[in-house]
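No experiment lies behind these values; they were computed from the predicted model shown.
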Amino acid sequence: QVQLVESGGGSVQTGESLTLSCTASGYTYSKNCMGWFRQVPGKEREDVALIYTGGGSPYYADSVKGRFTISQDNNKNTVYLQMNSLKPEDTAIYYCAADRSPAYCSGGVYWDRFGYWGQGTQVTVSS
């Protein structure tokens, strides 16, 4: 059974930082697309950052480029999202996602194409 377990959400002030973690189990971690989406009430879930665990350049949504960094630790089957210079508009539930299709890591793929999801973690940024 595939499981994605997230941690690291919380409440911070504008300009502060948070790091999210997502640990995968139950499937072959290598050569998968993994990453982060976020969702606020009343809006579609949107992609934030994606990484192909087999290597290559990560994808970032325009809204987070230069502030967020996605990375991976293959020994721990874990993907991280370092979020710096947080803004109130970053407030959302952040979901870890994974799929065996490497093409999804190019970004712009509708969220429901991803096969595996974590439970979500709340990130709140106050001004």
Side-chain angles (χ1 to χ4, degrees):
Q1 181 181 357
V2 176
Q3 277 195 314
L4 301 177
V5 179
E6 302 138 337
S7 61
S11 297
V12 296
Q13 301 287 323
T14 298
E16 294 184 341
S17 299
L18 278 174
T19 301
L20 306 181
S21 301
C22 174
T23 299
S25 63
Y27 80 120
T28 303
Y29 171 82
S30 64
K31 298 183 179 179
N32 286 272
C33 182
M34 288 189 68
W36 299 90
F37 286 69
R38 66 186 181 187
Q39 188 171 22
V40 297
K43 290 192 175 182
E44 285 281 6
R45 194 171 296 187
E46 61 179 11
D47 57 19
V48 175
L50 301 164
I51 191 167
Y52 179 57
T53 59
S57 298
Y59 160 84
Y60 295 99
D62 288 343
S63 58
V64 306
K65 282 181 182 175
R67 300 188 298 121
F68 291 11
T69 302
I70 189 169
S71 61
Q72 59 181 355
D73 184 338
N74 288 351
N75 291 327
K76 297 181 178 179
N77 287 5
T78 299
V79 171
Y80 304 94
L81 185 67
Q82 174 68 42
M83 304 185 293
N84 296 329
S85 303
L86 282 161
K87 305 174 181 180
E89 50 263 45
D90 294 317
T91 296
I93 298 175
Y94 283 71
Y95 295 92
C96 179
D99 197 274
R100 291 186 171 88
S101 176
Y104 291 0
C105 270
S106 60
V109 174
Y110 195 62
W111 67 269
D112 72 351
R113 300 294 298 274
F114 279 73
Y116 306 107
W117 291 91
Q119 78 282 3
T121 185
Q122 177 70 47
V123 172
T124 303
V125 185
S126 55
S127 57

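- By the rule that hydrophobic residues join a cluster once side-chain heavy atoms approach within less than 4.5 Å of another member, Trp111 and Val79 end up as members of separate clusters.
- For the residue pair Ser17 and Gln82, the shortest heavy atom distance occurs at CB-NE2, 3.8 Å.
- Thr53 places a side-chain N or O within 3.5 Å of a backbone atom of Lys31 that can act as its donor or acceptor partner.
- Interatomic distance, CG of Leu50 versus CG of Leu81, reported as 10.0 Å (0.5 Å rounding).
- Contact detail for Ser101 and Cys33: the closest heavy-atom pair is O-CB, 3.5 Å.
- Of the options Leu86, Thr121, Asn84, Thr124, a side-chain contact (heavy atoms from CB on, under 4.5 Å) to Leu18 is made by Leu86 and by none of the others.
- Of all heavy-atom pairs between Val48 and Val64, the closest is O-CG2, 3.6 Å.
- Met83 and Ile51 fall within the same hydrophobic cluster, where Ile, Leu, Val, Met, Phe, Trp and Tyr residues are linked whenever their side-chain heavy atoms come under 4.5 Å apart, directly or through other members.
- Contact record, Val125 with Lys87: CB-O, 3.2 Å, taken as the closest heavy-atom pair.
- Every pair tested for disulfide bond (SG atoms under 2.5 Å apart) that includes a residue from residues 52-84 fails, sequence neighbours excluded, so the list is empty.
- Here the closest heavy-atom approach between residue Trp36 and residue Ser21 is recorded as CH2-O, 3.5 Å.
- To the nearest 0.5 angstrom, Gln119 atom CD is 8.5 Å from Ser7 atom OG.
- In terms of the salt bridge (Lys or Arg N to Asp or Glu O under 4.0 Å) criterion, residue partners of Lys65 (sequence neighbours excluded) are, by chain and number, Asp62.
- For the residue pair Val40 and Ala92, the shortest heavy atom distance occurs at CG1-CB, 3.6 Å.
- Looking at Asn77, its side chain never comes within 3.5 Å of a backbone N or O of Thr23 through a donor-acceptor pair.
- The hydrophobic cluster containing Ile93 does not contain Val123, counting ILVMFWY residues as joined when their side-chain heavy atoms lie under 4.5 angstrom apart, directly or transitively.
- With sequence neighbours excluded, the residues that form a salt bridge (Lys or Arg N to Asp or Glu O under 4.0 Å) with Asp90 are Arg38, Arg67.
- Here Ser25 pairs with Gln3 under the side-chain contact (heavy atoms from CB on, under 4.5 Å) rule; sequence neighbours left out.
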What donor-acceptor contacts under 3.5 angstrom involve side-chain atoms of residues 8-16, with partners at least two apart or in another chain?
residue	atom	partner	partner atom	Å
Gln13	NE2	Ser126	OG	3.4
Thr14	OG1	Ser126	O	3.0
Glu16	OE1	Gln13	N	2.9

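- Atom CH2 in Trp117 sits 4.5 Å away from atom CZ in Phe37 (nearest 0.5 Å).
- For residues 51-109, the set of pairs meeting the ring pair (Phe, Tyr, Trp, His ring centres under 6.0 Å) definition, not counting sequence neighbours, comprises Tyr104-Phe114.
- No donor-acceptor pair under 3.5 Å is formed between the side chain of Asn32 and the backbone N or O of Met34.
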